[in-house]
Number of protein chains: 2
Amino acid sequence: MYEEYFRSFNKKVPLTQEEEALIKTYLTPKKLRKKQYLLQEGDVCKSFAFIEKGALKSYSVDDAGNEYIIQFGIEGWFISDLYSFITGEPATYNIDAIEDSELVLISKSANEELLRILPKYETFTRLNITGAYLAMQKRLTSIISSPLEERYENFITLYPDIVQRVPQHMIASYMGLTPETLSRIRRRISTK
Amino acid sequence: MYEEYFRSFNKKVPLTQEEEALIKTYLTPKKLRKKQYLLQEGDVCKSFAFIEKGALKSYSVDDAGNEYIIQFGIEGWFISDLYSFITGEPATYNIDAIEDSELVLISKSANEELLRILPKYETFTRLNITGAYLAMQKRLTSIISSPLEERYENFITLYPDIVQRVPQHMIASYMGLTPETLSRIRRRISTK
DNA sequence: AAAAAGCATTGATTCTGATCAATCCTTTTA
DNA sequence: TAAAAGGATTGATCAGAATCAATGCTTTTT
């Protein structure tokens with residue numbers, strides 16, 4: 001249990017056996033079936049999740065019922081509504097499982113205590129959030145400045161696993177497109 | 001000197017006099033004239049900057065010479081090409097001053113040493129990057145899911161100071177629009 | 001095994017924002 | 001103070017993505 005989590009942790013910040021054991025006491029495992037919610041808009045996000053196995057998405061829904069995928073997560077990634085987690089306000093995003101998944105949950109109190117007692121945990125957190133920030137900045141830059149074809153090719157090279165595992169209409173949503181448009185882009189790319 | 005920087009720091013993580021004095025030895029002041037570069041694409045980003053006074057923008061330029069503004073920064077904000085700063089690779093963004101500005105620079109080595117010797121500095125860093133992450137996520141969400149008018153009204157309420165101080169065509173660029181389109185959106189909003 | 005649901009593709013049409021171009025105003029610069 | 005540069009607005013046209021609609025295929029459910 002928690003293999004991926006500690007693999008990821010040790011890769012960024014090496015831990016002793018004792019530290020691992022300590023951290024373990026703050027973690028909770030959770031399994032989700034495909035389509036099951038981890039978080040629903042309006043609820044407060046009480047914990048954030050590391051993905052051991054599976055795939056999830058976070059998304060918002062507008063008044064007309066359209067889904068806008070904010071983020072995908074697969075093995076080795078964190079997923080949560082960070083704003084709700086930090087502030088305690090109701091979540092503006094939904095999170096659910098695209099595949100059967102296994103998660104490691106860290107509750108808000110666990111997180112706070114780990115930050116307080118274990119400097120390495122803060123370092124791990126800092127590195128993770130920095131990585132997430134850089135990834136999102138790249139995405140935003142490409143949305144603003146790159147033509148669609150390039151953006152899709154970019155996505156494919158950046159996240160080949162996700163392309164394999166996730167239906168196209170979700171990728172379209174992630175890119176801010178309709179499924180029809182993405183389908184046409186794919187055809188343009190393949191016929192050249 | 002460094003008033004804003006330490007105001008911001010103390011607000012997030014209270015410091016003792018000694019700690020402030022220690023940190024000061026790692027900081028460098030810098031003034032920029034309007035239009036002056038802080039960083040040019042292709043150079044390595046050797047330091048990141050806290051803005052004491054003034055306004056800057058970071059932006060990328062495509063092959064056709066079009067500018068895409070990635071971020072604005074005013075008093076109390078950090079600005080840098082974080083990816084280049086961390087990896088040491090050539091910067092993909094330019095940063096220059098929209099107004100005469102006063103900055104506090106933290107070099108890469110200063111940053112690393114402060115992270116190592118002063119846990120409060122790491123906490124400050126973590127909180128800053130988390131805040132930047134959340135702000136960018138909001139921006140991305142609104143790009144993907146909100147109609148243009150709403151996005152602009154959002155921008156106005158979120159950054160009223162920037163609307164005052166920055167020419168509209170830059171705000172258009174930040175929103176991924178042409179100046180003409182932004183002008184038309186403004187008219188639509190005002191005539192209702 | 002049949003029915004239903006989910007998904008990708010394609011075509012026709014509509015609509016929104018980009019582009020091209022001109023004008024007016026304000027701020028810098030010479 | 002005149003000239004130039006920078007910026008905002010408006011109009012006309014064009015291009016690209018959304019929308020609406022239909023079809024065929026695959027996977028899930030019954």
Side-chain angles (χ1 to χ4, degrees), chain A residues 32-36 54-57 59 61-69 72 96-100 142-156 162-192, chain B residues 33-36 55-57 59 61-69 72 96-100 142-156 162-192:
Chain A
L32 277 189
R33 292 276 176 72
K34 186 173 172 173
K35 294 198 179 177
Q36 222 181 317
L56 295 90
K57 64 181 197 291
Y59 57 98
V61 181
D62 70 13
D63 304 335
N66 304 306
E67 284 192 16
Y68 301 94
I69 293 180
F72 291 113
D96 63 24
I98 302 174
E99 306 171 354
D100 292 354
S142 100
I143 286 182
I144 291 182
S145 63
S146 301
L148 274 187
E149 284 192 27
E150 209 175 306
R151 269 168 66 196
Y152 181 66
E153 282 170 335
N154 224 295
F155 182 85
I156 292 175
I162 290 180
V163 177
Q164 296 307 317
R165 288 159 64 174
V166 162
Q168 272 175 41
H169 72 269
M170 289 188 188
I171 294 172
S173 166
Y174 178 88
M175 296 181 67
L177 306 175
T178 59
E180 293 94 331
T181 299
L182 181 57
S183 171
R184 285 173 180 122
I185 288 167
R186 282 164 50 81
R187 197 156 65 104
R188 280 212 302 267
I189 289 174
S190 69
T191 61
K192 74 168 188 197
Chain B
R33 292 275 176 72
K34 186 173 172 173
K35 294 198 179 177
Q36 221 181 316
L56 294 89
K57 64 181 198 292
Y59 58 98
V61 181
D62 69 12
D63 304 334
N66 304 306
E67 283 191 15
Y68 301 95
I69 294 181
F72 291 113
D96 63 25
I98 303 175
E99 306 170 355
D100 293 353
S142 101
I143 285 182
I144 291 182
S145 64
S146 301
L148 276 187
E149 283 192 27
E150 209 175 305
R151 270 168 65 195
Y152 182 66
E153 282 170 335
N154 224 294
F155 182 85
I156 291 174
I162 289 180
V163 176
Q164 296 306 318
R165 288 159 65 174
V166 162
Q168 272 176 41
H169 73 269
M170 289 187 189
I171 293 171
S173 167
Y174 177 88
M175 296 181 67
L177 305 175
T178 59
E180 293 94 330
T181 299
L182 181 56
S183 171
R184 286 176 181 121
I185 289 167
R186 282 163 51 81
R187 198 155 65 105
R188 278 213 303 267
I189 289 174
S190 68
T191 61
K192 73 167 189 198

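By convention in this document, chain letters (A, B, ...) are assigned in the order of the sequence lines, proteins followed by strands, and residues within each chain are numbered from 1.
- Within the 4.5 Å cutoff, side-chain heavy atoms of K57(B) are placed close to those of D96(B).
- Y68(B) meets the ring-ring contact (aromatic ring centres under 6.0 Å, His included) test with no other residue; sequence neighbours excluded.
- Taking N154(B) as the reference, nothing meets the side chain to side chain contact (heavy atoms under 4.5 Å, CB included) condition, with sequence neighbours excluded.
- Of the inter-residue distances, the one linking K34(B) atom NZ with D100(B) atom CG reads 8.0 Å to the nearest 0.5 angstrom.
- Comparing the axis of the opening five pairs of the helix from dA1(C)-dT30(D) to dA30(C)-dT1(D) with that of the closing five pairs yields an angle of 50°, rounded to 10°.
- DNA chain C lies under 4.0 Å from no heavy atom of any residue of residues 61-69 of chain A.
- Closest of all the heavy-atom pairs between E67(B) and V61(B) is CG-CG2, 4.2 Å.
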Letter per nucleotide, 5' to 3', of nucleotides 23-30 of chain D [B base touched, S only sugar-phosphate touched, - untouched; heavy atoms, 4.0 Å]: --------
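- When all heavy atoms are compared, the tightest approach of I185(B) to L177(B) is CD1-CD1, 3.9 Å.
- A heavy-atom distance below 4.0 Å to DNA chain C is reached by these residues of residues 168-186 of chain A, ordered by number: Q168(A), H169(A), E180(A), S183(A), R184(A), R186(A).
- Not counting sequence neighbours, the partners of F72(A) by the ring-ring contact (aromatic ring centres under 6.0 Å, His included) test are Y174(A).
- Taking each heavy atom of Q36(A) and R33(A) in turn, the nearest pair found is OE1-N, 2.7 Å.
- Every residue meeting the salt bridge (Lys or Arg N to Asp or Glu O under 4.0 Å) condition with R165(A), not counting sequence neighbours, appears here in chain and number order: E75(A), E99(A).
- With sequence neighbours excluded, the residues that form a side chain to side chain contact (heavy atoms under 4.5 Å, CB included) with R186(B) are Y152(B), Q168(B), L182(B).
- Of all heavy-atom pairs between P179(B) and H169(B), the closest is CG-CB, 3.8 Å.
- Not counting sequence neighbours, the partners of S173(A) by the side chain to side chain contact (heavy atoms under 4.5 Å, CB included) test are I69(A).
- Contacts of S183(B) classified as side chain to side chain contact (heavy atoms under 4.5 Å, CB included), with partners at least two apart in sequence or in another chain: none.
- Annotation for L148(B) and T181(B): closest pair CD1-CG2, 4.2 Å, computed over non-hydrogen atoms.
- Reading DNA chain C from its 5' end, the first and the last nucleotide to sit under 4.0 Å from a heavy atom of chain A are dC7(C) to dA12(C).
- Expressed to the nearest 0.5 Å, how far CD of E150(B) lies from OG of S145(B) amounts to 8.0 Å.
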